[in-house]
Amino acid sequence: MVRVVRTEEADLMSVLAHDLRAPLTAIRGAATLLVQAHDQIPAERVEQLLQLIDRQATNMADRIEDLLVAAKLGNGSLRLADEDVDLADLLADALDGTRARAPDRRVRAPGTVDGAAVRGDSERIAQVLRVLLDNATRFSPAGTPIEVRLTAAGRLIRTEVRDRGAGLAAPDRERVFEPFERLDPAQPGTGMGLYIARGLVHAMGGEVGVEPRAGGGSTFWFALPAASK
């Protein structure tokens, strides 16, 4: 009996295959070189290849985790912790991760508020930060800084990721949060990251959006309830 694959399943499989092909190809190439010619490769080059394998394996793991979370958001099975979370600490870790994945980009957090704390799930907040930072590195020109700011807004703590990309037209500011939405098909990615970020923030009782940035670019932001005193 032939099983008919639904459109949603086919889309998901196609996106997963496309998004994992590039890092897998890089890992296989580096690993093959190390296996076949490890005694002929300078130590410095060996270290570079090992770092590439580690970076691309992390990239694959992140993509798979994103798709698993997207599936759970879709069927309502995602379970979230509700705890006080030190947002400043999570942001510092997220910035370190972004610098490791994109060492040629300038990422900074001027004026970050130490001790800023929110209610939510620390693992999922870290995922939201990664999604927004990865989005900024992909869609802003090389050499332009990416800034992250934390601000208090009443009973919410707002996190802003500011880039100097091309910006978004008003009709696209909602579209970018839809599943499989890729405004620039030439860019890598599944088109699921911002959809996942929105779903996670809403599930934690927060708000999320994007605004034009003065001088060009976009400010992607999310706001979560401040931690209990």
Could you walk me through whether Arg63 and Asp134 pass the salt bridge (Lys or Arg N to Asp or Glu O under 4.0 Å) check? CA-CA 12 Å; Arg63 299 289 82 77; Asp134 283 354; 3.8 Å; yes

Donor-acceptor pair, distance only, cut-off 3.5 Å: does the side chain of [X] make one with the backbone of [Y]?
X      : Y      : answer
Arg119 : Ser228 : no
Arg164 : Gly216 : yes
Arg99  : Val107 : yes
Arg105 : Ser140 : yes
Asp163 : Ile146 : no

What distance separates [X] [atom1] from [Y] [atom2], expressed to the nearest 0.5 Å?
X      : Y      : atom1 : atom2 : value
Arg124 : Leu78  : CZ    : CG    : 5.5 Å
Asp82  : Asp121 : CG    : CG    : 9.0 Å
Leu91  : Leu150 : CG    : CG    : 5.5 Å

Looking at Glu83, I want to see if its CD is surrounded by more than 12 non-hydrogen atoms of other residues, nucleotides or ligands under 6.0 Å. yes

Treating Ile, Leu, Val, Met, Phe, Trp and Tyr as nodes and any side-chain heavy-atom pair under 4.5 angstrom as an edge, say whether Leu95 and Val131 lie in one connected cluster. yes

Let's go through Gln127 and Glu123 carefully: what are the C-alpha distance in whole Å and the side-chain angles of both, what is the deciding distance for side chain to side chain donor-acceptor pair (under 3.5 Å) to 0.1 Å, and is it a yes or a no? CA-CA 6 Å; Gln127 188 172 6; Glu123 181 179 359; over 6 Å; no

Pair Arg130 + Glu65: basic N to acidic O under 4.0 Å: no

In sequence, state the C-alpha distance, the side-chain angles, and the governing distance for Glu178 and Arg198, and then conclude on salt bridge (Lys or Arg N to Asp or Glu O under 4.0 Å). CA-CA 9 Å; Glu178 295 300 317; Arg198 181 180 65 177; 3.4 Å; yes

Pairwise side-chain contact, Leu200 with Phe222, heavy-atom cut-off 4.5 Å (strictly under): no

